[in-house]
Novice: 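Pasting in a structure now, in structure tokens, and then I'll have a few things to ask.
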Amino acid sequence: MKIFNHFFLIVFCFSCLVNLQAQKTPLTHAVYDQWQSVQTRNLSNDGAWVVYTINPQEGDGEMVIQSTDGRYKKSVPRGYMQDISEDSKYVVFKIKAPYQVTRQARIKKKRPDDMPRDSIGFMELGKDSIFKSARVKTFKMPEKGINWFAYHMEKPMADTAGRKDTSASRARRPVPAVDSLQKIIDSLNNRINTEAKKKKGVDGDPQLSGPDAEDDPPAGGPGAVPEGTDLILFNTATKKRTLFPYITEYYFDKNGKSLILSRYPPKKDSLARPSVLW
């Protein structure tokens, strides 16, 4: 009887091994593409929130916002490059274009300006609503300051760049009073510079009697600067947005009390000149 039991046990174990071997999925490239990894982890300063991304080898990933006590968890498809505010209240992040959309655009060899672009997302931690804005190049938050972040827009799509600025679109576009004041300042500076050139030209200075090449480098030349795009300054407390056009670079100071902007308008705007705004 014991011999029979041992024989039955051996046959049973062998059959289990055969079944396990039959169920084992072969390792192929399709399997590798499904493997996921946790990346870019952020912990809030108060230790109450953790934000991390989960990405497959190929395809769309997700960003996960989770409270450390386990009471809250939210997934944002394709979210990445997140940053938590200094006061541990908000998270700002970028959102990738869908993987298949980007892949098809590359297959069709679309122009760089027509390729799918990232968006930006903003959330109050613990809430479900997400503020989003499309076609965003970069965003920045002050290292120590609160209540502010800024995001820099891509160039408008080719089919919308030439549209007229209708009254409806102007109503939706938050143009601040500071921009109107800057245009007046630019116009006055332009007149002052013109008068100064004329005066010095009469005195026989050949370099200032003609066009000033230092102010306006030739388009496409070694000193050419690309035309700036819209920058939005966002107040997290009031949700107010302030627009600054034609911006090429921007920097917060460490405490978020100042914002420095490099502004380069198009050649066709004769009243606006390259400038640095504080």
Side-chain angles (χ1 to χ4, degrees), residues 33 36-42 49-66 74-85 90-125 127-143 148-161 163 169 172-174 226-236 239-252 259 261-264:
D33 293 342
Q36 296 179 328
S37 60
V38 177
Q39 302 173 356
T40 57
R41 299 163 294 275
N42 294 69
W49 300 95
V50 60
V51 183
Y52 56 93
T53 58
I54 301 176
N55 293 314
Q57 299 298 314
E58 182 177 285
D60 293 324
E62 63 176 336
M63 184 187 74
V64 179
I65 304 169
Q66 187 171 343
K74 183 177 179 64
S75 174
V76 180
R78 306 186 310 280
Y80 78 114
M81 202 180 286
Q82 65 276 2
D83 196 359
I84 301 176
S85 62
Y90 307 100
V91 59
V92 185
F93 50 92
K94 295 186 75 174
I95 304 173
K96 292 181 181 180
Y99 173 80
Q100 286 299 334
V101 174
T102 303
R103 182 172 180 272
Q104 288 300 318
R106 288 173 178 167
I107 292 174
K108 294 178 181 179
K109 298 182 179 179
K110 288 190 174 183
R111 297 185 310 141
D113 289 344
D114 295 333
M115 290 292 291
R117 300 294 182 177
D118 288 350
S119 301
I120 193 174
F122 162 77
M123 278 187 63
E124 184 175 354
L125 292 170
K127 306 292 184 181
D128 287 330
S129 59
I130 304 177
F131 162 82
K132 295 180 182 179
S133 184
R135 295 185 62 81
V136 173
K137 289 193 287 188
T138 60
F139 75 87
K140 292 180 182 179
M141 302 178 72
E143 182 180 347
W148 298 102
F149 72 90
Y151 56 97
H152 199 191
M153 307 294 293
E154 297 275 5
K155 289 194 302 183
M157 294 288 288
D159 59 343
T160 59
R163 289 182 182 175
S169 63
R172 293 192 299 268
R173 193 173 184 180
E227 179 183 317
T229 57
D230 289 348
L231 180 130
I232 309 297
L233 179 63
F234 191 100
N235 186 294
T236 58
K239 309 301 186 292
K240 180 181 177 182
R241 287 170 283 170
T242 305
L243 183 146
F244 297 89
Y246 310 134
I247 302 303
T248 56
E249 298 287 345
Y250 63 109
Y251 303 94
F252 280 105
L259 177 64
L261 306 172
S262 173
R263 186 167 181 258
Y264 198 88

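Only heavy atoms go into these numbers, but all of them, side chains included; no hydrogens, no water, no symmetry mates.
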Novice: Should the pair K132 and F122 be classed as cation-pi, given the thresholds of under 6.0 Å to the six-membered ring centre and 45° from the axis?
Specialist: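 No, K132 does not sit over the ring of F122.
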
Novice: Would you check if W49 and V91 make a side-chain contact, meaning some heavy-atom pair closer than 4.5 Å?
Specialist: no

Novice: Closer than 3.5 angstrom, by distance alone: can the side chain of D60 be matched with the main-chain N or O of R78 as a donor-acceptor pair?
Specialist: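 No; zero donor-acceptor contacts below 3.5 Å.
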
Novice: Quick check: does any side chain N or O of H152 sit under 3.5 Å from a backbone N or O of I247, one acting as donor and the other as acceptor?
Specialist: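 Here the side-chain-to-backbone pair exists.
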
Novice: Compare all side-chain heavy atoms of M141 with those of S85 and state whether any distance is below 4.5 angstrom.
Specialist: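 A side-chain contact under 4.5 Å exists here.
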
Novice: Do the two ring centres, one from Y80 and one from F93, sit under 6.0 Å apart?
Specialist: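 When the ring centroids of Y80 and F93 are compared, they turn out to be at least 6.0 Å apart.
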
Novice: Around K108, counting heavy atoms of other residues, nucleotides and ligands shown, do more than 12 lie under 6.0 Å from its NZ?
Specialist: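 At most 12 heavy atoms, drawn from other residues, nucleotides or ligands, come within 6.0 Å of this atom.
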
Novice: Could you check whether any side-chain N or O of K109 sits under 3.5 Å from a backbone N or O of R106, counting only pairs where one atom can act as donor and the other as acceptor?
Specialist: no

Novice: Between I95 and I120, is any pair of side-chain heavy atoms under 4.5 Å apart?
Specialist: no

Novice: Any side-chain heavy atom of M153 within less than 4.5 Å of one from V136?
Specialist: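 Yes, close enough: below the 4.5 Å cut-off.
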
Novice: Measure the acute angle between the ring planes of F234 and F131, then classify it against the limits of 30° and 60° as parallel, tilted or perpendicular.
Specialist: tilted

Novice: Does any N or O in the side chain of R135 come within less than 3.5 Å of the main-chain N or O of D118, such that one atom is a donor and the other an acceptor?
Specialist: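 Here the side-chain-to-backbone pair does not exist.
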
Novice: Evaluate the side-chain proximity of L231 to Y151: yes if any heavy-atom separation is below 4.5 Å, no if none is.
Specialist: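 Y151 does not reach L231 side chain to side chain.
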
Novice: Just checking K137: does its NZ atom have more than 12 heavy atoms from other residues, nucleotides or ligands closer to it than 6.0 angstrom?
Specialist: yes

Novice: Does T53 use its side chain to pair, donor to acceptor, with the backbone of M63 at less than 3.5 Å?
Specialist: no

Novice: T248 side chain to G228 main-chain N or O, any donor-acceptor pair under 3.5 Å?
Specialist: no

Novice: Within a strict 4.5 Å, meaning less than it, do heavy atoms of the Y250 and S262 side chains meet?
Specialist: no

Novice: How about Q104 and V101: do any of their side-chain heavy atoms sit closer than 4.5 Å?
Specialist: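 Not in contact.
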
